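Note that these values count all heavy atoms, side chains included, but never hydrogens, waters or copies made by symmetry. All of these numbers come straight from a predicted model, not from anything done at the bench.
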Amino acid sequence: AQQGRIREKAYGKQKIYFADQEQLPAASDADLRRLDGEITALSSKVQAQQQSCRQMEAELKDLTSSMTTPEMAREIEELRKDCNNYTEKLERIKSATNHVTPEEKEKVCSEQKLYCKEWRRRKRMATELLEAILEGYPKSKKQFFEEVGIETDEDHNVTPPAAV
């Protein structure tokens, strides 16, 4: 600073040193335009490199998240074993001699419908009868059920299947 090659500025207790620009040669307009062009070219080059870097990082992420060749081979082997097991199970099912015929299935379904219908009918009759008794009963419905020993479907969380 004393020789005049750099300048010094004091800000309170701090001092800042910087190059003395008066000693540098002045740049012409043509030089400034050339430097601006270089800056623009380099900026676009940096952006292209950053874009390329982002693409490569995305590709690296995809590659690291995918299975390796040995892992893929193990997975394929496991899937083949599963496939063989299911094929064997299917063959056992196909070769079984205790198939249910459509007539038997229809018979069972119609019986289920009949029994469910009867269940609902009898439940409705019992409910109507109990309501008629409870009209003249001095205690609560719950007390009556306990005294008589009635267990309802609701006590056992049971409901008739939905009508099909």
Side-chain angles (χ1 to χ4, degrees), residues 1-96 98-100 102 105 108-109 112-113 115-117 119-120 123-124 127 130-131 134 139-146 149-164:
Q2 291 174 352
Q3 294 172 358
R5 287 189 279 175
I6 59 172
R7 298 190 103 189
E8 171 186 346
K9 269 194 174 180
Y11 289 102
K13 295 181 180 180
Q14 296 178 343
K15 293 182 181 181
I16 298 176
Y17 296 94
F18 56 93
D20 185 10
Q21 295 192 7
E22 291 176 5
Q23 296 178 2
L24 298 175
S28 67
D29 285 343
D31 289 340
L32 290 176
R33 276 189 240 108
R34 180 184 54 78
L35 291 173
D36 285 342
E38 285 181 28
I39 289 172
T40 305
L42 291 173
S43 294
S44 63
K45 190 174 180 181
V46 164
Q47 287 179 347
Q49 290 294 328
Q50 287 175 337
Q51 179 65 27
S52 174
C53 183
R54 282 192 292 273
Q55 288 173 347
M56 288 181 180
E57 285 175 345
E59 185 178 345
L60 176 64
K61 184 179 177 185
D62 287 344
L63 290 173
T64 55
S65 66
S66 63
M67 291 183 168
T68 63
T69 303
E71 289 173 339
M72 190 66 75
R74 279 193 302 264
E75 182 72 18
I76 289 172
E77 190 59 36
E78 288 176 24
L79 290 173
R80 283 189 178 139
K81 287 178 185 175
D82 289 346
C83 185
N84 289 335
N85 290 339
Y86 290 131
T87 304
E88 290 173 12
K89 187 175 181 180
L90 179 63
E91 290 302 318
R92 283 195 309 268
I93 291 171
K94 284 181 178 179
S95 66
N98 58 351
H99 291 294
V100 176
K105 180 181 175 186
V108 168
C109 288
Q112 182 198 19
K113 288 178 188 175
Y115 295 143
C116 288
K117 183 177 174 184
W119 181 0
R120 285 189 198 89
K123 182 175 180 172
R124 186 176 54 250
T127 304
L130 290 172
E131 286 176 3
L134 286 171
K139 297 180 183 175
S140 72
K141 180 178 181 179
K142 184 176 180 182
Q143 290 173 336
F144 175 71
F145 281 13
E146 286 178 11
I150 297 174
E151 294 179 353
T152 64
D153 292 340
E154 290 77 21
D155 291 341
H156 296 282
N157 295 322
V158 177
T159 58
V164 181

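- Counting all heavy atoms, side chain and backbone alike, T64 lies closest to K61 at OG1-O, 3.0 Å.
- Between E38 and R34 a salt bridge is recorded (basic side-chain N to carboxylate O distance below 4.0 Å).
- Rounding to the nearest 0.5 Å places CE of M72 at 5.5 Å from CE of M67.
- Side-chain atoms of T40 come within 3.5 Å of backbone atoms of D36 as a donor-acceptor pair (strictly under, hydrogens ignored).
- A side-chain hydrogen bond (donor to acceptor under 3.5 Å, both in side chains) with Q51 is found for exactly one of Q49, R54, Q47, namely R54.
- A 6.0 Å sphere centred on CD of E91 holds more than 12 heavy atoms belonging to other residues, nucleotides or ligands.
- N84 and T87 are not linked by any side-chain donor-acceptor pair at a separation below 3.5 angstrom, with hydrogens and angles left out of the test.
- Atom CZ in F145 sits 6.0 Å away from atom CG in L134 (nearest 0.5 Å).
- Within the 4.5 Å cutoff, the side chain of K123 has heavy atoms near those of the T127 side chain.
- In this structure, A41 and S44 approach most closely via the heavy-atom pair O-OG, 2.8 Å.
- Residues E78 and K81 fail the side-chain proximity criterion, which asks for heavy atoms closer than 4.5 Å.
- In this structure, CZ on F144 lies 6.0 Å from CG on L130, to the nearest 0.5 angstrom.
- Between K142 and E154 there is no salt bridge, since no side-chain N of the basic residue sits under 4.0 Å from a carboxylate O of the acidic one.
- Contact check for D153 versus W119: side-chain heavy atoms found under the 4.5 Å cut-off.
- Between the Q14 side chain and the Y11 main chain, no donor and acceptor come within less than 3.5 Å of each other.
- To the nearest 0.5 angstrom, R33 atom CZ is 9.5 Å from D31 atom CG.
- Expressed to the nearest 0.5 Å, how far CZ of F18 lies from CD of E8 amounts to 9.5 Å.
- Distance check: E57 CD to D62 CG gives 12.0 Å after rounding to the nearest 0.5 Å.
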